[in-house]
Asker: 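What follows is a single structure, and I will ask about it in a moment.
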Amino acid sequence: MEPGTGRSGCVAARSADRLYVEGCAAPACKRPMRGREGERLKALVLSDVHANIYALEAVWSKENDSDIVYCAGDLVDYGPFPGEVIAWMREHHAVCVQGNHDRKVAALYRQPNQLKDTPAGEWKWKHDNAGKLGEDDITFLERLPESVSFWMDGFGYRMQHLYYKYETIESLYQFNEYWQSHAEEDVREAEHRRLIFGHTHRRAVHYLGDRELWLNPGSVSYRRKDDPSKDAHYMTITDGRIEMKSVEYDRSPLLAATKATRLCAGELEAGLRFFG
């Protein structure tokens, strides 16, 4: 299958003194990934934005000196502003991969009868988001790749939304097996190897060896029930140095927008917990 369809990966390639993600049909992937040799490089790493434009803008207000934005998936669902988040990613030429919620919302949009016939008591965030998006937005989500591989500051990276369900890589053997079978050829023999995942909403940098690690920037939008923090979580990587960061933001517009939806009771309760 062709790259950029949500099934195949993209791979970084060098052109003169710049580095690009090549082979990706998604517009977000056509982005230089570093400046001229010797220039300082700062990457903003996001995941699980979940239609929360206010958290995303709060992060950007602190990190707008970033040279490039990466997002490890789940741009939409479980938030009230999916179109605004997609527009932001496109405007900022973010390099994104497709998350499970991106696929879910896009698939539901392609079933208009299901959207139209869903009773009020079964109306979920995915219905809300699919009903707010247009053809261009859905095409954007559908064309996001499952993974991207790239070089940055001498490190080889591979980014995709999840490893396997909610499991994580716990051993160097497991890491190396996964890297060799999944990393694109251009980065497969990298001396320093880094995997980027999202999905769990739990921020982490997990070292398996001196030169092997996986990282998860956490969720820009919301935490799991065992974490009371409501800040936006993310990471920056500056000249190879990883920093875990967070920022407070005004959730009141999200709360008001959530209350104005026709979500079923369980989905409304989740929204009130996220944004209240």
Side-chain angles (χ1 to χ4, degrees), residues 10 21 24 26-29 31 33 41-103 105 129 137 140-141 144-150 152 155 157-163 194-205 213-224 227 229-238 241-249 251 254 274:
C10 302
V21 177
C24 181
C29 288
R31 169 77 170 177
M33 300 177 69
L41 176 68
K42 176 180 176 180
L44 174 61
V45 185
L46 311 169
S47 190
D48 298 274
V49 181
H50 286 293
N52 186 339
I53 190 62
Y54 288 89
L56 184 57
E57 291 284 12
V59 170
W60 188 243
S61 70
K62 289 188 64 176
E63 310 297 344
N64 58 21
D65 60 339
S66 300
D67 298 290
I68 189 163
V69 179
Y70 295 101
C71 182
D74 276 2
L75 282 64
V76 300
D77 206 4
Y78 281 95
F81 299 107
E84 290 83 348
V85 167
I86 292 172
W88 191 98
M89 294 294 175
R90 298 177 83 162
E91 178 185 351
H92 293 83
H93 306 286
V95 177
C96 304
V97 294
Q98 189 184 73
N100 56 305
H101 287 275
D102 303 324
R103 287 193 297 274
V105 168
N129 277 209
D137 298 320
F140 177 85
L141 294 177
L144 291 175
E146 183 180 293
S147 67
V148 294
S149 295
F150 55 92
M152 187 167 63
F155 296 87
Y157 287 84
R158 184 180 192 275
M159 178 174 71
Q160 73 175 58
H161 183 59
L162 59 87
Y163 168 58
R194 293 177 170 182
L195 294 169
I196 301 174
F197 296 113
H199 189 60
T200 66
H201 292 221
R202 299 187 187 277
R203 208 168 37 171
V205 179
L213 66 82
W214 60 260
L215 60 91
N216 187 322
S219 172
V220 169
S221 188
Y222 65 90
R223 312 280 78 73
R224 299 301 179 191
D227 183 352
S229 168
K230 296 190 177 182
D231 295 350
H233 287 184
Y234 64 99
M235 289 181 179
T236 59
I237 304 176
T238 307
R241 181 170 180 262
I242 302 167
E243 293 184 79
M244 299 186 187
K245 297 184 178 182
S246 62
V247 61
E248 295 181 359
Y249 67 97
R251 300 186 306 278
L254 293 145
F274 299 157

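From a predicted model like this one, the values you see are computed outputs, not experimental measurements.
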Asker: What closest approach, in Å, do A51 and P82 show between heavy atoms, and which atom pair accounts for it?
Answerer: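 Heavy-atom minimum between the residues: CB-N, 3.5 Å.
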Asker: Any sub-3.5 Å donor-acceptor pair from H50's side-chain atoms to V76's backbone N or O?
Answerer: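 Yes: the side chain of H50 pairs with the backbone of V76.
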Asker: CG/L144 to SG/C71 distance, rounded to the nearest 0.5 angstrom?
Answerer: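 Answer for the CG-SG pair, L144 versus C71, is 8.5 Å.
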Asker: Test of understanding: with side chain to side chain donor-acceptor pair (under 3.5 Å), list the residues that count as partners of E243, not counting sequence neighbours.
Answerer: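 Residues passing side chain to side chain donor-acceptor pair (under 3.5 Å) with E243: R241.
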Asker: Once you round to the nearest 0.5 Å, how far does CG of L215 lie from CD1 of I196?
Answerer: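 That separation rounds to 5.0 Å.
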Asker: Locate the shortest heavy-atom distance separating A232 from A55; write the atom from each residue and the value.
Answerer: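 Heavy-atom minimum between the residues: CB-CB, 4.0 Å.
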Asker: Does the ring centre of Y70 sit less than 6.0 Å away from the ring centre of F150?
Answerer: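 Between F150 and Y70, the centre distance is under 6.0 Å.
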Asker: Are K245 and E63 close enough, and set up right, to give a side chain to side chain contact (heavy atoms under 4.5 Å, CB included), and what steps lead you there?
Answerer: CA-CA 10 Å; K245 297 184 178 182; E63 310 297 344; 3.3 Å; yes
Asker: In terms of the angle between their ring planes, are H199 and H161 parallel, tilted or perpendicular, with boundaries placed at 30° and 60°?
Answerer: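 Judged by the thresholds at 30° and 60°, the geometry between H199 and H161 is perpendicular.
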Asker: If you define the side chain from C-beta out and look only at heavy atoms, does anything of Y157 sit under 4.5 Å from I237?
Answerer: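 Y157 reaches I237 side chain to side chain.
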Asker: Can you name the nearest heavy-atom pair linking M235 to M244, along with the distance?
Answerer: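 That would be CE-CG, 3.8 Å.
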Asker: Give, for atom CD1 of I53 and atom OG of S221, the distance between the pair rounded to the nearest 0.5 Å.
Answerer: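 Rounded to the nearest 0.5 Å, the CD1-OG separation comes out at 11.0 Å.
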Asker: How far does CE of M152 sit from CG of D67, to the nearest 0.5 angstrom?
Answerer: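 M152 CE to D67 CG: 10.0 Å, rounded to 0.5 Å.
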Asker: How long is the gap from CG on L46 to CG on L56, to the nearest 0.5 Å?
Answerer: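 Separation between the atoms: 6.5 Å.
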Asker: What is the minimum heavy-atom distance between F140 and I86, and which atoms define it?
Answerer: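 Between these two residues, the closest heavy atoms are CD2-CG2, 3.7 Å.
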Asker: Between D227 and H233, is a side chain to side chain contact (heavy atoms under 4.5 Å, CB included) present by the stated rule, with each step listed?
Answerer: CA-CA 12 Å; D227 183 352; H233 287 184; 4.3 Å; yes
Asker: Closest approach of E248 and D231, non-hydrogen atoms and distance?
Answerer: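 That would be CG-OD1, 3.2 Å.
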Asker: Please walk me through it: do L254 and F274 pass side chain to side chain contact (heavy atoms under 4.5 Å, CB included)?
Answerer: CA-CA 9 Å; L254 293 145; F274 299 157; over 6 Å; no
Asker: So Q160 and F197, do their side chains get closer than 4.5 Å, heavy atoms only?
Answerer: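 Sidechains of Q160 and F197: in contact.
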Asker: What closest approach, in Å, do M89 and C96 show between heavy atoms, and which atom pair accounts for it?
Answerer: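 Closest pair (atom of M89, atom of C96, distance): SD-SG, 4.0 Å.
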Asker: Would you say R223's side chain and G218's backbone share a donor-acceptor pair under 3.5 angstrom?
Answerer: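 Answer holds: no.
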Asker: So W60 and S66, side chain to side chain contact (heavy atoms under 4.5 Å, CB included) or not? Walk me through it.
Answerer: CA-CA 9 Å; W60 188 243; S66 300; 4.1 Å; yes
Asker: Measure from the side-chain N and O atoms of N216 to the backbone N and O of H201, and report whether any donor-acceptor pair falls under 3.5 Å.
Answerer: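 Checked: no pair found.
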Asker: Where the side chain of D74 meets the backbone of H101, is there a donor-acceptor pair that is under 3.5 Å apart?
Answerer: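 Looks like yes, one N/O pair under 3.5 Å.
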Asker: Are the side chain of Q98 and the backbone of L141 linked by a donor-acceptor contact shorter than 3.5 Å?
Answerer: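 Confirmed, Q98 side chain pairs with L141 backbone.
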Asker: CD/E57 to CZ/F81 distance, rounded to the nearest 0.5 angstrom?
Answerer: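 It comes to 11.5 Å.
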Asker: Report the residues that fulfil side chain to side chain donor-acceptor pair (under 3.5 Å) with Y249, sequence neighbours left out, ordered by chain and then residue number.
Answerer: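 Scan of Y249 (side chain to side chain donor-acceptor pair (under 3.5 Å), adjacent residues dropped) gives N52.
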Asker: So does D48 get a backbone contact from the side chain of S219, meaning a donor-acceptor N/O pair under 3.5 Å?
Answerer: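 Yes, S219 side chain to D48 backbone: donor-acceptor pair under 3.5 Å.
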Asker: Counting distance only, does the side-chain N/O of R251 pair as donor-acceptor with the main-chain N or O of Y54 below 3.5 Å?
Answerer: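 No, R251 side chain to Y54 backbone: no donor-acceptor pair under 3.5 Å.
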